[in-house]
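In what follows, a structure is listed as structure tokens, so that the remarks can point back to it.
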Number of protein chains: 2
Amino acid sequence: MTTEYSAGGDPTRSLELLWGVRERPKRGPRPKLTAPRIAEAAIEVADAEGLAALSMRRVAERLGVSPMSLYTYVPGKAELLDLMLDTVQGEAPLLDELPGGWRARAERWARESLASYQRHPWVLQVATSRPPMGPNELTWSESALRALAETGLPDREMVAVVSSLDNYVKGAARAAVDAALAERRTGMSDEQHYRAREPLLARLITPDRFPTMNRLHYAGVFDAPVDDFEFGLQRLLDGIEHFIARHRDDTGGG
Amino acid sequence: MTTEYSAGGDPTRSLELLWGVRERPKRGPRPKLTAPRIAEAAIEVADAEGLAALSMRRVAERLGVSPMSLYTYVPGKAELLDLMLDTVQGEAPLLDELPGGWRARAERWARESLASYQRHPWVLQVATSRPPMGPNELTWSESALRALAETGLPDREMVAVVSSLDNYVKGAARAAVDAALAERRTGMSDEQHYRAREPLLARLITPDRFPTMNRLHYAGVFDAPVDDFEFGLQRLLDGIEHFIARHRDDTGGG
DNA sequence: CCTTATTCTGTACGACGTACGGAGTTAGCC
DNA sequence: GGCTAACTCCGTACGTCGTACAGAATAAGG
């Protein structure tokens, strides 16, 4: 049970690592590993066993190598996490390579991002501090901004649109993903979990203090909820669409 | 540097703790502490020194007590985190006690939530797994749903509206808060941070591979960005407003 | 072959959460 | 008052973690 942080060490060292600019050294024994190979193994560990189980020792074990040898390729765990993050970032589709207009592209990206977060739930637990600015992250940003050019928005607003979409997706994905995480961690399904709490909760959530919650509970609203991720996504996109249309009107149609 | 999880232990024990239903024991020495007092101290530690510095030993030290004595009041660190979360949750204003219509209330709540997350940045780092369902959390939900009754939306959609707002605020707040966290953790301002990376980045972010990023960078867009939190909030609220209006029309005006 | 740059490893340190067992403290009962 | 049961508090100890450090093994350049 441990809070992981992304890197805060030597700035150029981390960036070199992310972008893979170090040339292969001439002398010395042939390296068994590479930083990307270590990141790959670490991602496998985190995917399979969770962020709490991700340790340098565990990664080394998976690679058949002593724990300390990892430090030859990676300055520390924080930098390794940055590398893992940027690697996963590479799974998100580039907006301007998707078919359709800006909205169709954004929708598709949002859903595939959710899927990626579901494959790698630990990503949303890592405190990104500052964006590590790896190649995949920047490539995605470049692509997103290019895809939004068609909206005719000014630069600043374009950036804000990208941010708000990203923020929403991260927030909503986290809610969706945390439930799945809990299931694996506790070995208890959602149903088992709530059933275990039901008796006590029923005495705590009294109809006089919590009338609405009670009504909704007995109406079964919490049993078969709307797909919250999709609902909020559509509302946000509606709002952005409206903003674009208004901007177009203000600047004399187009 | 450690991932913290909220509780997954004995369900009724955690709930009892959150709702404070345990009666004061008759025999034995007078207790020096209470669970809420411990949570308060833990919040102070986490606020001042970050989640990574939050340890049972550290909390005990602040309370002038041995580490192990905390376990008399709290089953473990996970349950303590749940208690901390629900305590902070109590800072968010209740929607139906705010002035104005649903939109004004939601706006106000969103901004005060952001402020609360800024005071307690660690909150967004804790993997909530499943909602701990403490009194403050449920009271807030109750209030939010009551405040949305005026929209005339069906129950399920009302819940979805609340979720999407909460998701957006969490996601956007996290982006806003992580920067501040990084500043304290690394002892480096954002400006220092980017300046240290500038030389290498300038060689990596070439105009041919990243034309848009380059253009925006030199146009100073990243130096003075729009308030992303507020921008996305307004777009989401616009979208929700539109959804409400359309629903009203569909069901024969109101 | 010797030097030098690298890779890899074993050991060790100080942190962590917390299991366990025991010492000290109070209230109720005889 | 004395006994016992319930309870609070604490010291010690175990297994985990990230990683500093020092050294051994390995390859290329001179």
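Remember, predicted model here, so these are calculated numbers, not experimental data.
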### Query
Are any non-hydrogen side-chain atoms of A:Leu94 and A:Trp109 less than 4.5 angstrom apart?
no
### Query
Any idea which of C:dT7, D:dC7, D:dC17 is nearest the A:Pro31 side chain?
C:dT7
### Message
If you assign each of A:Pro67 and B:Ser55 to its closest nucleotide in DNA chain C, which residue comes earlier from the 5' end?
### Response
A:Pro67
### Message
On the nucleotide C:dC16, are OP1 or OP2 found under 4.0 Å from the side-chain N or O atoms that B:Arg57 carries?
### Response
yes
### Task
Check the distance between D:dT8's C1' and B:Leu70's CG and give it to me in whole angstrom.
12 Å
### Value in whole Å for how far the P atom of D:dT26 lies from CG of A:Leu33
17 Å
### Task
Decide, yes or no, whether a salt bridge links B:Glu79 with B:Arg13 under the criterion of side-chain N to carboxylate O below 4.0 Å.
no
### Message
In this structure, how many angstroms lie between the P atom of D:dA27 and the NZ atom of A:Lys32, rounded?
### Response
11 Å
### Query
Please give, in whole Å, the distance from C:dC8 P to A:Glu61 CD?
18 Å
### Task
Spell out, as yes or no, whether a donor-acceptor pair under 3.5 Å connects the side chain of B:Tyr117 to the backbone of B:Val177.
no
### Message
Output the rounded distance in Å from CG (B:Leu54) to C1' (C:dT18).
### Response
15 Å
### Query
In terms of the nearest nucleotide of DNA chain D, which residue is placed more toward the 5' end: B:Ser69 or B:Pro25?
B:Pro25
### Task
Report the distance from atom CD of B:Glu79 to atom C1' of C:dG17, rounded to the nearest whole Å.
12 Å
### Message
Measuring only between side-chain heavy atoms, which start at C-beta, is A:Tyr73 closer than 4.5 Å to A:Arg22?
### Response
no
### Query
Between D:dC10 atom P and B:Leu63 atom CG, what is the distance in whole Å?
11 Å
### Message
Any side-chain to backbone donor/acceptor pair from A:Tyr168 onto B:Gly171? Under 3.5 Å, distance only.
### Response
no
### Query
Rounded to whole angstroms, how far apart are CD1 on A:Ile38 and C1' on D:dT19?
15 Å
### Query
How does each nucleotide of nucleotides 19-30 of chain C score, in 5' to 3' order, for protein heavy atoms under 4.0 Å: base (B), sugar-phosphate only (S), or none (-)?
BB---BBBB---
### Task
Give every residue pair that meets the salt bridge (Lys or Arg N to Asp or Glu O under 4.0 Å) criterion with at least one member in residues 27-37 of chain A, sequence neighbours excluded.
A:Arg37-A:Glu40
### Task
Kindly indicate whether the side chain of B:Leu138, heavy atoms from C-beta on, has any atom under 4.5 Å from the side chain of B:Trp19.
yes
### Query
Which of the following nucleotides, D:dC10, D:dT19, C:dT18, is nearest to the side chain of B:Lys77?
C:dT18
### Query
Where the side chain of B:Thr72 is concerned, which of C:dC8, D:dT8, D:dG11 is the nearest nucleotide?
D:dT8
